[in-house]
Amino acid sequence: MKFSERLSNLRVDADLSQEQLSEQLNIKQPSYSQYETQRSEPSLMTLSKLCDIFNVSSDYLLGHTNIKTPVNDLLKDETTPEFATIFNQLSEDDIQKAIDYMQLLIRDKENK
């Protein structure tokens, strides 16, 4: 999914208008609109603000991952050290299998 689509979906899910979000970003609404229509890209500062407003990682917003949760929030989880220990013991092939399985779990959860 493209940045513009993710951004639009997050805004709609948050029940915000483009005007309301542009005010939070301290930019004009037409400037914001260009992000959703792929005519322009936000500055790093604006991207950071968007991530804070929607509580998502920049990797999610940019389409590099489907995991919305920012890394700092993931690291607060009590299971993270155990998960990292197990993950580091896997081969590259097994890591891909684990990722595929986790994505299947997420899709299954979303379909319920």
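Grouped with Ile86 in a hydrophobic cluster is no other residue, since no side-chain heavy-atom contact under 4.5 Å to another Ile, Leu, Val, Met, Phe, Trp or Tyr is found. Through direct or indirect side-chain contacts shorter than 4.5 Å among Ile, Leu, Val, Met, Phe, Trp and Tyr, Met45 is connected to no other residue. Side-chain contacts under 4.5 Å among hydrophobic residues (ILVMFWY), followed directly or transitively, place Leu61 together with Phe3, Leu7, Leu10, Leu16, Leu21, Leu25, Ile27, Tyr32, Tyr35, Leu47, Leu50, Ile53, Phe54, Val56, Tyr60, Leu62. Alongside Leu104, the hydrophobic cluster contains Tyr101, Leu105 (criterion: ILVMFWY side chains under 4.5 Å).
At most 12 non-hydrogen atoms from other residues, nucleotides or ligands lie less than 6.0 angstrom from CG of Asp15.
Lys109 meets the side-chain contact (heavy atoms from CB on, under 4.5 Å) test with no other residue; sequence neighbours excluded. The side-chain hydrogen bond (donor to acceptor under 3.5 Å, both in side chains) search around Asn9 returns none, not counting sequence neighbours. A search for salt bridge (charged side-chain N to carboxylate O under 4.0 Å, His left out) contacts involving Asp93 returns Lys97, not counting sequence neighbours. In terms of the side-chain hydrogen bond (donor to acceptor under 3.5 Å, both in side chains) criterion, residue partners of Ser17 (sequence neighbours excluded) are, by chain and number, Gln20. Among residues two or more places apart in sequence or in another chain, the salt bridge (charged side-chain N to carboxylate O under 4.0 Å, His left out) test is passed with Arg11 by Glu36. With sequence neighbours left out, Asp100 forms a salt bridge (charged side-chain N to carboxylate O under 4.0 Å, His left out) with no residue at all.
For residues 19-33, no pair satisfies salt bridge (Lys or Arg N to Asp or Glu O under 4.0 Å), with sequence neighbours left out. The side chain to side chain donor-acceptor pair (under 3.5 Å) contacts involving residues 42-53 comprise Ser43-Thr46, where partners must be two or more places apart or lie in separate chains.
Note that the CD atom of Gln96 and the OG atom of Ser91 stand 10.5 Å from one another [nearest 0.5 Å]. Atom CD of Gln18 is separated from atom OG of Ser8 by 7.5 Å, given to the nearest 0.5 angstrom.
Follow the hydrophobic side-chain contacts under 4.5 Å out from Ile95 and you reach Met102 in the same cluster.
In this structure, Ser57 and Cys51 approach most closely via the heavy-atom pair C-SG, 3.8 Å.
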